[in-house]
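Any value given below was found using the heavy atoms of this structure, including those in side chains, with hydrogens, waters and symmetry copies removed.
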Amino acid sequence: MKRKFNFFIVTALVVFFAMAADVFIIWQLNNYETRFLELYGAEQDGYVKVVLGEINRLGDDATEKNITDIISSLDATASRYWTVSKEDSILFVKSVTETNRYKGFSDGTYFASDSAADFLNRLGVNQVGHQIIYLDEDRFIASGMIFEWRDQQYRICLLTYDKVILEDNVLLECRNSIIIILSLVLALLIILSMIMSKKISGQAARIARQEEHVIWQNQQLEQLDERLKREHAFSASKHVFKRVVLEEFLQELDERGARPLHFALFETETPKARDEFFEHMQVVLDNKVLRFSMNDSMVLLIFVRYERTVSSRIIGSLENWEVRGIGDLFCEDNTESYCQQFEEFWKAVTEA
């Protein structure tokens, strides 16, 4: 048995695929952004090394203020800035104004998130490293290292807000173009799948209707064929029936309510005369007269739906010197079954 095509299931599957593809695309874009930040962090590490080189050239006569002066002289904004700390104390954050806010606080106060604390713990001496960190739900790419000056360890870090990098005009344009194109492709996929699914569903419905129509036509043809067979079976102009099927014919006429019936029994002198009589009847009788060969010499005619005067006149015209009528019975209706009426007629004629 064929399964019906379900338009809604196919559409739901395509929508699910589109949503899964959309999630995968977003995940890949996030991976792309993360990888891009990692590459930017590697470039940013080099800048930290250059600044550290400037600090190292200060010499032993320099003070911590000289270090912070170098850092504060560098380009810094709210989206890209430096931090310097000594052991756990903050020496510089972003600007002089911002530094004053954190004076006396440990660097853990500023780098309060887990990712930022992990970044500080991973810093190596004279080894620049970078990591993506979060501060107040904002994402940064941070580069930093530990350097020694006057036998003390300092941490220097450069933090860049991710949106400064990712929302660069060219990069943002490329990313948005990718999102728009992929969104259009997915939307087009959903629309096309819905159209095709609807079309296939309609075709399946039409095929089902056609199959039902073919089945109905076959049934009608079978019924017509059966009716033609029955009509052909009753075609008196083409058949002479044996006595053994007489009862079946009478029952069929009884069920159909065919009335009146006129039975006429003839006797022929010889079998040859009987055959000639049948040939003669093919010319003078129509399909409403049934012909039965009762034995080698006796012939029964049944006139169906004939007026009595008409059937009686035909019966009289069929007699000749080799064929004689030995009796007839006109049945107005089938109040008593035709079989019963004929049996009484047959018994009366043959026993006379």
Task: Check against side chain to side chain contact (heavy atoms under 4.5 Å, CB included), Leu285 and Leu301 - done: CA-CA 10 Å; Leu285 299 181; Leu301 300 182; 4.1 Å; yes

Task: Val48 and Trp82: CA distance, side-chain angles, deciding distance, side chain to side chain contact (heavy atoms under 4.5 Å, CB included) verdict - done: CA-CA 10 Å; Val48 174; Trp82 295 82; 4.1 Å; yes

- [ ] Quick one: do Met145 and Gln127 satisfy side chain to side chain contact (heavy atoms under 4.5 Å, CB included)? Show the steps, please.
- [x] CA-CA 6 Å; Met145 65 180 295; Gln127 292 181 350; 5.9 Å; no

- [ ] Would you check, one step at a time, whether the test side chain to side chain contact (heavy atoms under 4.5 Å, CB included) holds for Tyr306 with Leu261?
- [x] CA-CA 7 Å; Tyr306 270 79; Leu261 295 187; over 6 Å; no

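What you find for Ala258 and Arg305 is that their closest heavy atoms are CA-NH2, 3.6 Å. Listed here is the closest heavy atom pair of Phe292 and Val245: CE2-CG2, 4.2 Å. Among all heavy-atom pairs drawn from Ile141 and Gln44, the shortest one is O-NE2, 3.1 Å. Between Glu332 and Arg259, the closest heavy-atom pair is O-CB, 3.6 Å. The minimum heavy-atom distance linking Leu120 with Cys157 is given by the pair CD2-SG, 4.2 Å. Gly129 and Phe119 make their closest contact through O-CE1, 3.9 Å (heavy atoms, listed as atom of the first residue, atom of the second, distance).
A side-chain donor-acceptor contact under 3.5 Å links Asn66 to the backbone of Thr63. Proximity of a side-chain donor or acceptor of Asn320 to a complementary backbone N or O of Glu322 within less than 3.5 Å is detected. The backbone N or O of Lys288 lies less than 3.5 Å from a partner atom in the side chain of Asp286, making a donor-acceptor pair. A donor-acceptor pair under 3.5 Å links the side-chain atoms of Thr68 to the main chain of Lys65, judged by distance alone. Judged by distance alone, the side chain of Asn334 and the main-chain N or O of Asp254 form a donor-acceptor pair under 3.5 Å. Judged by distance alone, with hydrogens and angles left aside, the side-chain atoms of Asn295 form a donor-acceptor pair with the main-chain N or O of Met298 at under 3.5 Å. Formation of a donor-acceptor pair under 3.5 Å by the Asp118 side chain with backbone atoms of Asp114 is not found in this model. In this structure a side-chain-to-backbone donor-acceptor pair under 3.5 Å is present from Ser115 to Tyr134. Using modelled atom types, no side-chain atom of Thr160 and backbone atom of Arg80 make a donor-acceptor pair closer than 3.5 Å.
Side chains of Ser72 and Phe92 form a contact here, defined as non-hydrogen atoms less than 4.5 Å apart. For the pair Ile302 and Leu246, the minimum side-chain heavy-atom distance is below 4.5 Å. Using a 4.5 Å heavy-atom cutoff, the side chains of Met281 and Arg291 are in contact. The shortest distance between side-chain heavy atoms of Leu37 and Arg139 falls below 4.5 Å. At a threshold of 4.5 Å between non-hydrogen side-chain atoms, the residues Arg274 and Glu269 do not count as touching. Using a 4.5 Å cut-off on side-chain heavy atoms (C-beta onward), Val289 and Ile314 make no contact. With a 4.5 Å cut-off on side-chain heavy atoms, Leu158 and Phe140 do not count as touching. With contacts defined as side-chain heavy-atom distances shorter than 4.5 Å, the pair Thr83/Leu91 does not qualify.
Using a cut-off of 4.0 Å between Lys/Arg side-chain N and Asp/Glu carboxylate O, Glu252 and Arg256 are scored as salt-bridged. The pair Arg324-Glu267 meets the salt-bridge criterion, with a side-chain N (NZ, NE, NH1 or NH2) lying under 4.0 Å from an Asp/Glu carboxylate O. Taking a cutoff of 4.0 Å between a charged side-chain nitrogen and a carboxylate oxygen, Asp45 and Lys49 do not qualify as a salt bridge. Of the charged side-chain nitrogens involved, none lies within less than 4.0 Å of a carboxylate oxygen, so that Glu212 and Arg209 do not count as a salt-bridged pair. Salt-bridge check for Arg57 with Glu54: passed, with a basic side-chain N closer than 4.0 Å to an acidic carboxylate O.
Hydrophobic clustering, with ILVMFWY side chains joined whenever heavy atoms are under 4.5 angstrom apart, groups Val284 together with Phe277. No chain of hydrophobic side-chain contacts below 4.5 Å, direct or via other Ile, Leu, Val, Met, Phe, Trp or Tyr residues, connects Leu39 to Ile133. Note on Tyr154: it clusters hydrophobically with Tyr47, by side-chain heavy-atom contacts below 4.5 Å among ILVMFWY residues. A continuous path of hydrophobic side-chain contacts links Leu52 to Leu74 [ILVMFWY only; heavy atoms under 4.5 Å]. No chain of hydrophobic side-chain contacts below 4.5 Å, direct or via other Ile, Leu, Val, Met, Phe, Trp or Tyr residues, connects Ile146 to Val50.
Judged by distance alone, the side chains of His130 and Glu38 do bring a donor and an acceptor atom under 3.5 Å apart. Side-chain polar atoms of Gln217 and His213 form a donor-acceptor pair below 3.5 angstrom. Judged purely by distance below 3.5 Å, without hydrogens or angles, the side chains of Tyr81 and Glu98 never pair a donor atom with an acceptor atom.
Around the CD atom of Glu247, the shell of radius 6.0 Å holds no more than 12 heavy atoms that belong to other residues, nucleotides or ligands. Within 6.0 Å of the CD atom in Glu319, the count of heavy atoms belonging to other residues, nucleotides or ligands exceeds 12.
Phe263 pairs in a ring-ring contact (aromatic ring centres under 6.0 Å, His included) with only one of the listed residues (Phe249, Tyr338, Phe342), which is Phe342.
Here the SG-CG distance, from Cys339 to Leu250, works out to 4.5 Å after rounding to the nearest 0.5 Å. Atom CD1 of Ile132 sits about 8.0 Å away from atom CG of Asp162, to the nearest 0.5 Å. Taking CG of Leu265 as the reference point, atom CG of Asp328 lies at 9.5 Å (rounded to 0.5 Å). A distance of 8.5 Å separates OG1 in Thr270 from CG in Asp275, rounded to the nearest 0.5 Å. Between Ser297 atom OG and Ile326 atom CD1 the span is 8.0 Å, to the nearest 0.5 Å. Going from atom CZ of Phe345 over to atom OG1 of Thr350 covers 9.5 Å, rounded to the nearest 0.5 Å.
Between Phe330 and His262, the gap from one ring centroid to the other is short of 6.0 Å.
Using cut-offs of 30° and 60° on the angle between ring planes, the pair Tyr110 and Tyr102 is perpendicular.
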